[in-house]
Amino acid sequence: MTASTPDLKAFLLATPFFGGLTDASLEVLVSMLVECRFDTGATIVTEGEPGRSMFIVKSGRLAVRKRTSSGNVIPISVLEPGDFFGEMTLIEMQNRSATVIAESPTVLYELTAKKLYACYKADVHAYVIVLQNINRELCRRLRRADDRFTGHQVGNGN
């Protein structure tokens, strides 16, 4: 588990995932996080594999990639400190939708589905805020994807 320090709590509160939590609720969630370290080039998650956890980026830079139906790999996004990923598997309980690779030495905090459920049992208010935060971030990502898609269509004259 992760030690609860003032610096860690300040960092987490500044992320989209933990925004709006009370100090007591944050303590509950911090106690559930596990710190994970990865070297440059390490694959954190692989598209298609089962996933039962999400990650918050403490430090480093990660590349998100997806395989096309023809087998090509395309870049989807870059993740940096404060970003989170893997939350889709906690909501829809499907396999990983993309591959995430560390582009530099990386520190992540992992939250498993089991621990998120324990949060629900321990502090339903914190659980609701976390789900709202995840949904807000998913909406932001969908809007960005829509903008990229429509920009691409306009750029092609369609």
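This chain uses plain numbering: 1 for the first residue, then up along the sequence.
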### Set of residues satisfying ring-ring contact (aromatic ring centres under 6.0 Å, His included) with respect to F11, sequence neighbours excluded
none
Side-chain donor-acceptor pairs under 3.5 Å in residues 75-82, sequence neighbours left out?
from	atom 1	to	atom 2	distance (Å)
E80	OE2	R61	NH1	2.9

## Note on the structure
By salt bridge (Lys or Arg N to Asp or Glu O under 4.0 Å), R52 pairs with (sequence neighbours left out) none
### Partner residues of F84 under the ring-ring contact (aromatic ring centres under 6.0 Å, His included) criterion, sequence neighbours left out
F17
### Summary
residues 38-49 vs salt bridge (Lys or Arg N to Asp or Glu O under 4.0 Å), sequence neighbours excluded, gives E47-K66
### Task
Would you check if L12 and V30 make a side-chain contact, meaning some heavy-atom pair closer than 4.5 Å?
yes
### Query
If you group Ile, Leu, Val, Met, Phe, Trp and Tyr whenever their side-chain heavy atoms sit less than 4.5 Å apart, what else falls in with I101?
none
## Note on the structure
Hits for side chain to side chain donor-acceptor pair (under 3.5 Å) against T46, two or more places apart or cross-chain, chain-then-number order -> none
### Message
Applying ring-ring contact (aromatic ring centres under 6.0 Å, His included), can you list everything that pairs with Y117, at least two apart in sequence or on another chain?
### Response
Y120
### Query
What side-chain hydrogen bond (donor to acceptor under 3.5 Å, both in side chains) pairs are there with at least one residue in residues 67-76, not counting sequence neighbours?
T68-S70, S70-N72
### Query
Once you round to the nearest 0.5 Å, how far does CG of L90 lie from OG1 of T112?
8.0 Å
### Task
Please name all residues satisfying side chain to side chain donor-acceptor pair (under 3.5 Å) with N133, sequence neighbours left out, ordered by chain then number.
R136
### Message
Between T99 and V64, does the side chain to side chain contact (heavy atoms under 4.5 Å, CB included) criterion hold? Intermediate values first, please.
### Response
CA-CA 6 Å; T99 298; V64 180; over 6 Å; no
### Task
Evaluate the side-chain proximity of T40 to P105: yes if any heavy-atom separation is below 4.5 Å, no if none is.
yes
### Message
Going by the rule salt bridge (Lys or Arg N to Asp or Glu O under 4.0 Å), which residues pair with E137 if we only count those two or more places apart in sequence or in a different chain?
### Response
R140, R141, R144
#### Entry: Derivation and outcome, side chain to side chain contact (heavy atoms under 4.5 Å, CB included), residues I91 and L138
CA-CA 11 Å; I91 294 171; L138 290 173; 3.8 Å; yes
### Task
Please check if the side chain of D123 supplies one atom and the backbone of C119 the other of a donor-acceptor pair under 3.5 Å.
no
### Query
Can any side-chain N or O of S31 pair as donor or acceptor with the backbone N or O of L29 at less than 3.5 Å?
no
### Query
What pairs meet the ring-ring contact (aromatic ring centres under 6.0 Å, His included) rule with one or both residues in residues 52-78, with sequence neighbours excluded?
F55-F85
